[in-house]
Amino acid sequence: MKVVLSRRANLDLIAQIEWLVGLSPSAALHAETVIRTGLQTLAVFPEAGRSINTAERKWVVPFGRDGFVVIYRIEADRLVIGRIFHSRQSRD
């Protein structure tokens, strides 16, 4: 199944990586690889994530002691990623 990042999810991914670059460039590179690998896993197993409402699912990509949360929806021929954020990140 094709994976498509929404504009918001793409901005989320960029923000996560940029934040990590300030702490550790190698961690940022590793995080991007882990997130993209997690998205590839979803492409093969789109229902792997937990349903959070009638339209969306949630998939946690482990990273260190926490992880990144991917909110997505399954459409007929593609998987649309709506958000990507760190599990400890405030989303207010």
Side-chain angles (χ1 to χ4, degrees):
M1 185 170 282
K2 181 177 180 172
V3 175
V4 177
L5 271 68
S6 68
R7 184 180 187 315
R8 179 71 242 179
N10 194 50
L11 292 173
D12 287 344
L13 180 58
I14 291 167
Q16 295 300 327
I17 302 310
E18 286 180 352
W19 182 80
L20 277 171
V21 163
L23 299 174
S24 168
S26 63
L29 180 60
H30 180 61
E32 184 174 14
T33 300
V34 165
I35 292 168
R36 292 195 184 277
T37 299
L39 297 179
Q40 290 173 354
T41 299
L42 280 177
V44 177
F45 303 104
E47 295 193 21
R50 180 175 60 88
S51 179
I52 56 174
N53 61 44
T54 58
E56 296 177 308
R57 301 181 77 81
K58 174 176 153 178
W59 172 256
V60 178
V61 178
F63 185 76
R65 67 173 199 217
D66 299 302
F68 293 96
V69 177
V70 176
I71 306 296
Y72 68 99
R73 69 181 184 274
I74 302 169
E75 295 184 352
D77 60 344
R78 65 187 188 157
L79 199 80
V80 179
I81 309 301
R83 296 297 311 262
I84 301 171
F85 53 87
H86 191 272
S87 61
R88 296 180 67 189
Q89 176 181 348
S90 173
R91 293 175 299 284
D92 297 335

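Keep in mind that what you see is a predicted model, and the values were worked out from it rather than measured. Atoms considered below: every heavy atom in the structure, side chains included; atoms not considered: hydrogens, waters and symmetry mates.
Of the inter-residue distances, the one linking S51 atom OG with E56 atom CD reads 9.5 Å to the nearest 0.5 angstrom. Note that the CD1 atom of I84 and the CD1 atom of I81 stand 6.5 Å from one another [nearest 0.5 Å].
R57 contributes a side-chain N or O that, together with a main-chain N or O of G49, makes up a donor-acceptor pair within less than 3.5 Å. The backbone N or O of T37 sits less than 3.5 Å from a side-chain atom of T41, completing a donor-acceptor pair. No donor-acceptor pair under 3.5 Å is formed between the side chain of S87 and the backbone N or O of D66. Between the side chain of Y72 and the backbone N or O of L39 there is no donor-acceptor pair closer than 3.5 Å.
Cluster annotation: I71 is connected to V60 through the hydrophobic network of ILVMFWY side chains, with a link wherever side-chain heavy atoms come within less than 4.5 Å. In the hydrophobic clustering of ILVMFWY residues, with side-chain heavy atoms under 4.5 Å counting as a link, I35 and L23 come out together. No continuous path of ILVMFWY side-chain contacts below 4.5 Å connects W59 to V80, so the two sit in separate hydrophobic clusters. Residue I17 is not grouped with residue L29 when hydrophobic side chains (ILVMFWY) are merged at heavy-atom distances under 4.5 angstrom, including chains of intermediate members.
The list of salt bridge (charged side-chain N to carboxylate O under 4.0 Å, His left out) pairs with a residue in residues 32-53, not counting sequence neighbours, reads E32-R36. For residues 3-31, the pairs satisfying salt bridge (charged side-chain N to carboxylate O under 4.0 Å, His left out) are R8-D12, D12-R83, with sequence neighbours left out.
The shortest heavy-atom contact between A31 and L20 is CB-CD1, 3.4 Å. Taking each heavy atom of S6 and G82 in turn, the nearest pair found is OG-O, 3.2 Å.
Looking at heavy atoms from C-beta onward, F68 lies out of side-chain contact with L13 at the 4.5 angstrom threshold. The closest side-chain heavy-atom distance from M1 to L42 is not below 4.5 Å.
For the side chain to side chain contact (heavy atoms under 4.5 Å, CB included) with V70, the lone residue among L79, V3, V61 that qualifies is V61.
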Open item on the list: Checking R73 against E75 for the salt bridge (Lys or Arg N to Asp or Glu O under 4.0 Å) test, could you report, in this order, the C-alpha distance in whole Å, the side-chain angles of both residues, the deciding distance, and whether it holds?
Closed with: CA-CA 6 Å; R73 69 181 184 274; E75 295 184 352; 2.9 Å; yes
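Aromatic rings of F63 and H86 (six-membered ring for Trp) have centroids beyond the 6.0 Å cut-off, not under it.
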